Trainee: 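Mind looking over this structure? Questions follow.
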Amino acid sequence: MPTILDTSLFENNPKRFQQLIDLSRKFIGVYCVDSIIGENVFQLLENYARRHDVTLEILRYPFHDSKLWACTFLKKGTIFVCINSELPQNKQVFAAAHELYHIYCYVEDVDQNIIRSGSVLDSKTVDESANTQEDIEANAFAALLLMPDRLLNEQIDLYGIPKGNVTVDDLLVLMDFFGIPYKAVVLRLYESKNIPKSKATELLSIPSETIHHRIALTGKAKRWMLDGRGIESFGSLEDNLDFNCQNELLTESREAKDTSYLSELKKQLGIQ
């Protein structure tokens with residue numbers, strides 16, 4: 001059965017992988033100040049859309065399905081990016097970076113079909129194998145953007161992580177610094193030639209229970225394992241409602257109706 005190593009862009013299309021290295025560096029240089037992106041990937045998304053005059057709404061709310069990470073779609077000229085806020089925050093960050101690549105392909109007219117028909121990111125696409133070439137490239141782009149080679153190698157040197165003989169605890173140090181999921185870190189170490197394929201395969205075979213146990217014991221990467229409770233966002237919906245109410249732009253009946261609708265939506269999603 002093929003693994004994420006076997007189906008990765010790095011393994012199957014080195015030339016395209018190098019092109020995505022260049023693209024990720026461009027994004028870091030042009031659209032964000034700090035090259036350690038992490039949670040700032042949401043600001044990067046907004047900045048990219050702003051610089052290209054694209055109307056974008058980022059929604060973060062619970063999907064009540066741990067296998068569903070994100071979806072992106074186009075409606076009436078607006079791109080909606082919906083992130084599952086019940087996921088650990090490192091998965092939310094990776095999902096946002098993955099969807100950014102689909103938006104890039106749409107905006108730059110590389111391929112508009114996925115956004116027009118709707119992009120759905122699930123756990124299988126990230127952890128096992130992607131179904132489309134664009135999803136394979138989106139996975140590679142997300143990991144390169146969030147964990148670029150230069151910064152990865154700097155951290156390996158700084159923490160004295162032994163190249164070729166990396167442990168789970170070493171991976172947790174890198175997860176804590178970059179804020180991306182465990183499997184993505186393993187793949188980046190392999191892609192950057194810091195570990196051989198045999199070591200990557202060994203690290204990927206470690207049960208998730210063991211990894212979570214080490215996180216609990218060491219405290220490393222623990223902050224990235226928390227879900228997004230309390231940081232839910234409905235894009236401009238709440239802001240627009242608040243603005244309209246404060247400036248008395250709505251009739252009393254419309255204000256009450258909109259407020260009731262938003263409250264009911266939050267209730268259905270389990271948001272206080």
Side-chain angles (χ1 to χ4, degrees), residues 1-8 10 36-39 41 60 62-70 83-98 121-130 139 142-147 151-232 270:
M1 182 177 178
T3 67
I4 58 170
L5 297 176
D6 300 318
T7 59
S8 70
F10 175 77
I36 302 296
I37 295 174
E39 182 74 14
V41 68
R60 300 174 75 177
F63 292 177
H64 303 318
D65 183 351
S66 61
K67 293 182 179 179
L68 183 57
W69 287 33
I83 306 291
N84 186 356
S85 65
E86 284 184 324
L87 294 175
Q89 298 221 37
N90 58 9
K91 290 185 178 181
Q92 294 184 51
V93 165
F94 191 90
H98 177 104
L121 177 63
D122 58 17
S123 56
K124 182 179 179 181
T125 300
V126 179
D127 293 335
E128 298 176 32
S129 60
N139 282 342
L144 287 165
L145 183 73
L146 298 169
M147 185 181 265
L151 293 175
L152 171 57
N153 291 325
E154 283 181 2
Q155 294 309 303
I156 287 173
D157 292 339
L158 179 64
Y159 287 99
I161 295 174
K163 294 184 179 182
N165 193 30
V166 177
T167 66
V168 170
D169 284 5
D170 294 327
L171 288 174
L172 298 188
V173 170
L174 296 173
M175 285 174 64
D176 192 58
F177 187 78
F178 290 100
I180 67 174
Y182 178 87
K183 289 186 178 181
V185 175
V186 174
L187 188 56
R188 286 298 297 118
L189 286 170
Y190 172 57
E191 292 169 346
S192 59
K193 298 182 172 59
N194 280 296
I195 58 173
K197 189 173 185 178
S198 58
K199 185 63 179 180
T201 301
E202 175 192 325
L203 291 169
L204 288 172
S205 68
I206 295 174
S208 60
E209 294 80 10
T210 301
I211 298 164
H212 284 94
H213 179 65
R214 293 306 302 167
I215 290 173
L217 284 177
T218 65
K220 292 296 183 184
K222 191 173 183 178
R223 62 190 173 119
W224 294 106
M225 303 307 292
L226 302 175
D227 63 26
R229 233 170 298 178
I231 61 169
E232 295 88 358

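Computed from a predicted model, the values in this text were never measured in an experiment.
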Trainee: Does any part of the side chain of Tyr182, heavy atoms only, come nearer than 4.5 Å to the side chain of Ile211, both counted from C-beta?
Mentor: yes

Trainee: Taking all heavy atoms of Ser66 and all of Leu87, pick out the closest pair and write down the distance.
Mentor: O-CD2, 3.5 Å

Trainee: For Ile195 and Lys163: C-alpha separation, side-chain torsions, deciding distance, then whether side chain to side chain contact (heavy atoms under 4.5 Å, CB included) applies.
Mentor: CA-CA 6 Å; Ile195 58 173; Lys163 294 184 179 182; over 6 Å; no

Trainee: Is the backbone N or O of Val166 less than 3.5 Å from a side-chain atom of Lys199, with the two atoms forming a donor-acceptor pair by type?
Mentor: yes

Trainee: For the residue pair Ser85 and Pro62, what are the closest heavy atoms and their distance?
Mentor: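 Looks like OG-N, 3.0 Å.
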
Trainee: Can you measure from CD (Glu128) to CG (Asp122) and round to the nearest 0.5 angstrom?
Mentor: 8.5 Å

Trainee: Take Phe178 and Trp224, measure what side chain to side chain contact (heavy atoms under 4.5 Å, CB included) needs, and give me the verdict at the end.
Mentor: CA-CA 10 Å; Phe178 290 100; Trp224 294 106; over 6 Å; no

Trainee: With a 3.5 Å distance limit and no angle check, can you tell me whether His98 reaches the backbone of Phe94 through a side-chain donor-acceptor pair?
Mentor: no

Trainee: To the closest 0.5 Å, what do you measure between CD (Glu86) and CZ (Phe63)?
Mentor: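 So the CD of Glu86 and the CZ of Phe63 are separated by 9.5 Å.
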
Trainee: What I'd like to find out is whether the side chain of His212 reaches to under 4.5 Å of the side chain of Glu209, using heavy atoms alone.
Mentor: no

Trainee: Between atom CE of Met147 and atom CD of Gln155, what is the distance when rounded to the nearest 0.5 Å?
Mentor: 9.0 Å

Trainee: Side chains of Ile161 and Leu174: does their closest heavy-atom pair fall under 4.5 Å?
Mentor: yes

Trainee: Apply side chain to side chain contact (heavy atoms under 4.5 Å, CB included) to Val126 and Lys183, showing your working.
Mentor: CA-CA 9 Å; Val126 179; Lys183 289 186 178 181; over 6 Å; no

Trainee: Between CD1 of Ile36 and CG of Leu151, what distance do you get to the nearest 0.5 Å?
Mentor: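 It comes to 4.0 Å.
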
Trainee: Please round to the nearest 0.5 Å and tell me the distance separating atom CG of Leu144 and atom CG of Leu187.
Mentor: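 Reported value, rounded in 0.5 Å steps: 9.0 Å.
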
Trainee: For a quick test of reading the model, state the closest non-hydrogen atom pair linking Tyr190 to Pro196 and the distance between them.
Mentor: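 Of all heavy-atom pairs spanning Tyr190 and Pro196, the closest is CD1-C, 4.0 Å.
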
Trainee: Partners of Asp127 by salt bridge (charged side-chain N to carboxylate O under 4.0 Å, His left out), sequence neighbours excluded?
Mentor: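 Listed in chain order: nothing, the list is empty.
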
Trainee: Taking all heavy atoms of Leu5 and all of Ala200, pick out the closest pair and write down the distance.
Mentor: CD1-CB, 3.7 Å

Trainee: To the closest 0.5 Å, what do you measure between CG (Leu171) and CZ (Arg214)?
Mentor: 12.0 Å

Trainee: Any heavy-atom pair between the side chains of Asp169 and Lys220 that's under 4.5 Å?
Mentor: no

Trainee: Can you tell if the side chain of Thr167 reaches within under 4.5 Å of the side chain of Leu203, non-hydrogen atoms only?
Mentor: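 Counting from C-beta outward, Thr167 and Leu203 never come under 4.5 Å.
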
Trainee: Mark yes or no for whether Asn139, through its side chain, and Thr125, through its backbone, hold a donor-acceptor pair below 3.5 Å.
Mentor: yes

Trainee: Under 4.0 Å between a side-chain nitrogen and a carboxylate oxygen: does that hold for Asp6 and Lys197?
Mentor: yes

Trainee: What is the minimum heavy-atom distance between Val93 and Gly38, and which atoms define it?
Mentor: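 That would be CG1-O, 3.4 Å.
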
Trainee: Checking Arg60 side chain against Asn84 main chain: does a donor-acceptor pair fall under 3.5 Å?
Mentor: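 Checking the backbone N and O of Asn84 against the side chain of Arg60, no donor-acceptor pair under 3.5 Å is found.
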
Trainee: Using a strict cut-off of less than 4.0 Å between a Lys/Arg side-chain nitrogen and an Asp/Glu carboxylate oxygen, indicate whether Asp176 and Arg223 qualify as a salt bridge.
Mentor: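 The answer is yes: the pair qualifies as a salt bridge.
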
Trainee: How far apart are the closest heavy atoms of Pro88 and Met225, and which atoms are they?
Mentor: CB-O, 3.7 Å

Trainee: Kindly indicate, with the supporting measurements, whether the criterion side chain to side chain contact (heavy atoms under 4.5 Å, CB included) is fulfilled by Asn165 and Asp170.
Mentor: CA-CA 10 Å; Asn165 193 30; Asp170 294 327; over 6 Å; no

Trainee: Mind checking side chain to side chain donor-acceptor pair (under 3.5 Å) for Asn194 and listing every partner two or more places apart, or none if nothing turns up?
Mentor: Asn153, Ser192

